[in-house]
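Notes to accompany the following structure.
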Amino acid sequence: MSNKCPHLGLSMQGKTALLSATVEDGKVTCNAHGSAFDMKTGAPVGEWCPKLPSLPVVASSLRASTLVRTTFNRAIASASAGDALETVVGVEIHVRLQTRSKLFSGSASAYGGEPNSRVAPFDASLPGTLPVLNAGAVALAVKLGIALEGEVQLRSAFDRKHYWYADLPHGYQITQKRSPIVLGGVVRCQGNLSGDDAGDERSTDGALKVGIERVQLEMDTGKSSLAEDGRGTLVDLNRAGQALVEIVSEPDMRSGEEAVACVEALQRMLRYLHVSDANMEEGSLRCDVNVSVRTSEERARGVFGERVEIKNLNSLRSIARAVKYEAQRHAKVLAGGGKIERETRSFDVNTGKTVVLRTKENLLDYKFTPEPDLPSLVLTSADVEAIAGRMPELPNAAYERLVSGGASPSASNTIVAFPSTLKYFDVAMENCGAAKSADVANFIANEIIGAARKDAGATHKEPLSTLPRAASARRVGELLGKVADGTLSGRMAKQVLEALMNSDERALGDIVDDICGGGQISSDDHLRDICHSVVRDKPEEVRLLQGGKSKLMGALVGEVMKRTSGRANPKDVSKLLADIVAGEP
Amino acid sequence: MKVTGVLGTRSSGTTSRNVRTRRDLSCSSLIRRLGCALREGKISASELTSLYLKRIETKDDTLNAFTEVDKIGSIEQAKKVDARLAAGEALHILAGIPLAIKDNICRQGVSTTAGSTLLRKHLSTYDAEVVSGLKARDCVLLGQTNMDEFGMGNTTETGLGPPTRNPWNASHVPGGSSGGSAAAVAAQMCAGALGSDTGGSIRQPASFCGVVGLKPTYGTVSRHGLVAYCSSFDTIGPIGPTVEDVSYLFQAIKGDLKSMKYDTSLRRSGDRKPLSFLEESQLPSRPLQGRRFAVIAEALGPGVSTEVRSAFLESVKHIEGIGGIVDLVTSRTFQRGLPAYYVIALSEASSNLARFDGTRFGSASFTQQILESYTELRQDTLGEEVRRRILMGTYMLSSGYSDEYYTRAKCAQKQVCDELVGYLSNYDALLTPATPDLAYIVGEKTKNPLQMYAGDLMTVNINLSGLPAIVVRSCEPESNPSQRLPIGIQFIGKHFCENELLEIAHTFETSQNTRKKFPEDDMLSNL
């Protein structure tokens, strides 16, 4: 039978949840308006078009009651105990753009501020105000589109998405539903695919590749919060109208960890592009995930399970936990013979569980309509090429550069996480003399970034933002240069670094003299003399050593170290002692 | 299809020549007359303003054209103009001219209610772009004029306060929604006014009140500061006693590059034609010689009253008499306009009015759930017509319905526009009556919305196509003028070619046998 309801020609089983037809008692019911048809003959059954679409609040009293029905879902094989279900995840990420002003008004766009201090007449939706598109926001969206390898659309347009809430002064959000500014694209994540899927279509080299469906420009809402006395809601419109892009991925991830990898890769990209600080704590990056599960048989047929959207996950950890919980919940429901309903849920960080926000019956009708106050957004290919010509190095390219320069994958990963940390590494490299890039990378990843992270707690802010000036990349580079040329031992370097971290701003040489007494004593005559004296003073140990008790070398080295107050280079000492013991001069 | 010469005899210019010899002073521009008087020292701007304020005091109790009169502000402004004129400054022709503004156009510090209880306490925080334009030319702004709530109506009965009355006959409506502005001009309570036109809201009241109203091309006048009804059609435009008055106001409110800062839907006018208005005495015998006009046949079809039809045909005859070539064309799409217009206008209205939720304007109680509070406030404070239109608009935007209604209406809009623009490639202007009927009796249409919507038949297609159109008083068959209500004729011009349109309308107006411009004697005839 036809999938089209003859009433308005709508698909009865389509993408829109609202419009999924239901089947019961041998008839199929178009969910848009409630017309029903006999499954065998196709003849209309019962009242024609009994259901009105939802009406605005002025007419809430007229609203037809929404009938609850079982949906005409594809059959979901109830998951038997042994049948492992595959988790499928897609993400929708809202990113606040680093623009000076808001998307459609001239008021300042920044985090925080006195409540309602950054509100232009348009942001408060005062009568007569019109949106004026911020060209800077468009440029950032284009830049992001190019970095994502998507297709930047030379013509895109804005729509209104209607719903009622106190922090949405217009009664609608301006977004790009029909024609977004970027279509398609890919996020290439660091790290490997979940499970044993390394051979699947999502990757050619075992690294996760997540498809991007679209990137759209839209405006942010204000912020509601509970009044301190608990009586009433306060609304701050500073955020209202700030420029966002929404990045919608394909359902290409198979676990919470993969979703985290994708978000992390996006965060890096956004920071490198100076499109956003992508900071989840301040809400510069907000993540919704769509989770579904499917059997191997469904996977083979290329179909997906019914999906559930989890809104507003505000940390990477929450993303991983929420996906895991939700996938397990789906499996449990299916195993119990139940069925997953399309719905919107939220994640409670305290309990680690998801709870229902809106069920399918209550999904909002956003009444999308073209935004009549804004002309189409038209770009020329020259505009796009100009932006493409000014693209900075992207994190994946930087990662490849570091790894091919000899740095370890994990250190490289840490260093490329922020443009500032990469810059730090690059400047240190320019000043480190003979030091190997692998050593510089390890030192910076562990001693500088790792330490800063530990101090800052679990936040994902720029880790070097609080680094003292004394520990600048140039000075740390020079410090590592001194290790490389043998002036300092690794241990000494750490001592000096500690001083730098405590804002010791004296010249590096002075600090070295002060803390390490001029640095490490390497294979010079002075060290040779000390070694000779130790050999002289420890004849018994030397005899045993010569007799084959090689362990005693350590004791001799220790003695030399003791006599040099730890400034000798232990490697050199070993070599000198070995030579002396072997009777060489 | 076109039929040539069926509407009137293409006679020699004798009739019109005779007509033109009957000189009527009130036909020449009021603003120009006042501008000269101010500069010649015949009257000062403050005296002029006081005269108008006094006029408002005596007339407006019965007419209710104004929602607010700014006595102190307008006298202050007039005094400034007097000082500058005395200092010998060369000021714009509009300097010191007392004007009125429709109450949906924002003025800083002045209440802008758009005729709605919900906005009763709304003081605008900024000047609309058109208000800035007038202020920059040192106009005196007397006050805000009455209108149908949010512009939704064509009778000016649904605004704040009592209905506005037609100065020609107070038992009739002035039309709407810019009825306050049209009535104020006709009753000589201001020298000119601004209105807004979404589906005829300038042109229909201009016709009902016997004044001139221009709806400029969509996108030539900034909407910044206009309380939105239907963004795709809303157009601010001038209303004045004569075409020349209207053209002064139009030049002052036209958007420029600077206006793009607040309204990016503005388009740059391609109109490079300079305006040149000939005085009646300067007109050649056949001033419209070589001009080509087309009458849309459907605009004379069923639903058009006998008086309107005969006045229209009289006007066509006159146009032919002064040299114009008039053809009859049929419009395939004419009837599609009205339903398409209402679908788009109401859909956008439901969206544009969503912002009025009681948090910033109005006083929702918020003692219950937020959605219930919104509902209660909107149910209690929005008028019946506004609620009806929001309901219909929301219905048509609902999931599953928007394709059926909105998308199809957009399609019809394109057809209407293409057809009209197509005709305008062969003609200088298209002609229709301004309204199907004369001004209604107060209360006549309020209970029958469908009849009220049908009154927009002549005007909505012009909004759908964004074209400029001007309504001037038509030639009317001779009879006792005092008992008659005025009847207007609509000239429709090419996109962005307002100057050409104004010139044609001016010629028509100046050359015809016009009865008194105002229902009462010209209060400034001594100037």
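All values below were derived from every heavy atom in this structure, side-chain atoms included, with hydrogens, water molecules and symmetry-related copies excluded. The sequence lines fix the lettering, A, B, ..., with proteins before strands; numbering per chain opens at 1.
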Name the region of [X], side chain, backbone, both or neither, that has any atom closer than 4.5 Å to a heavy atom of chain A.
| X | value |
| --- | --- |
| L353(B) | neither |
| R223(B) | both |
| S351(B) | both |
| N352(B) | both |

With a 6.0 Å cut-off (strictly less than), is the heavy-atom count around [atom1] of [X], excluding the residue itself, greater than 12?
| X | atom1 | value |
| --- | --- | --- |
| K410(B) | NZ | yes |
| R358(A) | CZ | yes |
| R100(A) | CZ | no |

Only pairs of heavy atoms separated by less than 4.5 Å count here; which of [options] has the most with chain A?
| options | value |
| --- | --- |
| M260(B), E372(B), M396(B), H122(B) | H122(B) |
| T407(B), L226(B), T112(B), D234(B) | L226(B) |
| G225(B), S265(B), S124(B), C106(B) | G225(B) |

Selection from [options] maximising heavy-atom pairs under 4.5 Å formed with chain B:
| options | answer |
| --- | --- |
| F122(A), F368(A), Y172(A) | Y172(A) |
| L374(A), D373(A), T233(A), T129(A) | D373(A) |
| A124(A), S105(A), P131(A) | A124(A) |

Original post:
Under 3.5 Å, is there a donor-acceptor pair between the S196(B) and N104(B) side chains?
Top reply: yes
Original post:
Do E348(B) and T369(A) have side-chain atoms, one donor and one acceptor, less than 3.5 Å apart?
Top reply: no
Original post:
So, is the end of the K161(A) side chain (NZ or CZ) under 6.0 Å from the ring centre of Y366(A) and within 45° of the ring's axis?
Top reply: yes
Original post:
Would you call R387(B) and E385(B) a salt bridge, using N to O less than 4.0 angstrom?
Top reply: no
Subject >> Electrostatic pair R178(A)-D159(A), nearest N-O below 4.0 angstrom >> reply: yes
**OP:** Side chain from CB out, backbone as N, CA, C, O: work out which of these in H162(A) comes under 4.5 Å of a heavy atom of chain B, or both, or neither.
**Re:** side chain
